[in-house]
2 protein chains.
Amino acid sequence: MAKRDADLDLLFQALSDPTRRAVLDRLAQGPASVGELAAPHDMALPSFTKHIGVLEAAGLIRTVKKGRVRTCHLVPKRYQPVDDWLSRHRKLWERRTDRLGSLAQSLYRKD
Amino acid sequence: MAKRDADLDLLFQALSDPTRRAVLDRLAQGPASVGELAAPHDMALPSFTKHIGVLEAAGLIRTVKKGRVRTCHLVPKRYQPVDDWLSRHRKLWERRTDRLGSLAQSLYRKD
DNA sequence: GTCACGTTTAGCCATATGGCTAATTAATGA
DNA sequence: TCATTAATTAGCCATATGGCTAAACGTGAC
């Protein structure tokens, strides 16, 4: 127990904000500068920059500053731990509903 | 833009805490009372109860109070929005790396 | 050299989060 | 009935989060 998984903490936390998810959406199409990323969001730049910081701290994006422009790109493989956690869970409860008969399953299906 | 998806906010937020993830782990094996769930966590009960509240608010668990015991059970299908978001993203960037040639792909593979 | 541009730093604010103790409620069992 | 038990409520605290403005920084363009 108490097996701290700080990685998952950071990742889920990073994903819990709509602005940040929108940034990831955008970056899925290809790299972009901080300014480009900020444009669609009605928010002061320094506020926005914090979101970039959170995403980078979680490892979901990486950034390179060239001249005065910081370019951000996605690190898709960082979704892996999240993916893993979810599929582990799916297996856990599927294994469990397997152990229950189909009657019990149908009861659970009420949700 | 600014398409608030409060559901995902709540879900990712709920999943961002190790105590709460541990509770979900436990509940994947079957229902349990608040007391049983709290036992492995070195934490005062009222603190723990808040976590239960967060999980319930996110819809990840449901609880029934019978007598003085509140029993909690998992609502597995609530993982669905999270799952959906992730697979949408996987598709997005896979589609993109498809558009790039294999040379560009190999460059990206550096991460 | 100087000015504009893209970004960052510094500092502030309100609210949320995750923890605690003490006291309360409600149900069970002796 | 009365003590014990399971959980909740109330209230407190420290820190984190997500936003802001004003000012500074560093680079590129003219």
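First the proteins, then the strands, lettered A, B, ... as listed; each starts at 1. Please read all numbers here as calculations on a predicted model, not as lab measurements. All values below were derived from every heavy atom in this structure, side-chain atoms included, with hydrogens, water molecules and symmetry-related copies excluded.
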Would you call Arg90(A)-Asp83(B) a salt bridge at under 4.0 Å N-O?
-> yes
Quick one: side-chain hydrogen bond (donor to acceptor under 3.5 Å, both in side chains) partners of Arg88(A), sequence neighbours excluded?
-> Asp25(B)
Once base and sugar-phosphate atoms are separated, protein heavy atoms under 4.0 Å mark nucleotides 2-7 of chain C, 5' to 3', with B, S and - as --BBSB
Decide, yes or no, whether a salt bridge links Asp9(A) with Arg21(B) under the criterion of side-chain N to carboxylate O below 4.0 Å.
-> yes
Kindly write out the residues that satisfy side-chain hydrogen bond (donor to acceptor under 3.5 Å, both in side chains) with Thr71(A), not counting sequence neighbours, or none if the list is empty.
-> none
Residues two or more places apart in sequence or in another chain: which of them pass side-chain hydrogen bond (donor to acceptor under 3.5 Å, both in side chains) with Arg68(B)?
-> none
Residue pair Lys66(A)/Asp42(A) against DNA chain D: nearer the 5' end by closest nucleotide is Asp42(A)
Polar pairs (N or O, both sides) under 3.5 Å between protein and nucleotides 15-18 of chain C?
{"from": "dG18(C)", "atom 1": "OP1", "to": "Arg20(B)", "atom 2": "NH2", "distance (Å)": "3.3"}
{"from": "dG18(C)", "atom 1": "OP2", "to": "Arg20(B)", "atom 2": "NH1", "distance (Å)": "3.0"}

Do you reckon Leu24(B) sits in the same ILVMFWY cluster as Met43(B), going by side-chain contacts under 4.5 Å, direct or chained?
-> yes
Using the six-membered ring wherever Trp is involved, compare the ring planes of Tyr79(B) and Trp85(A) and label them parallel, tilted or perpendicular (cut-offs 30° and 60°).
-> perpendicular
Give the rounded distance in Å between these two atoms: CD1 of Ile52(B) and P of dG19(C).
-> 12 Å
Distance-only criterion, 3.5 Å: show the donor-acceptor pairs between side-chain atoms of residues 44-55 of chain B and protein atoms not counting sequence neighbours.
{"from": "Thr49(B)", "atom 1": "OG1", "to": "Leu45(B)", "atom 2": "O", "distance (Å)": "2.9"}
{"from": "His51(B)", "atom 1": "ND1", "to": "Arg20(B)", "atom 2": "NH1", "distance (Å)": "3.1"}

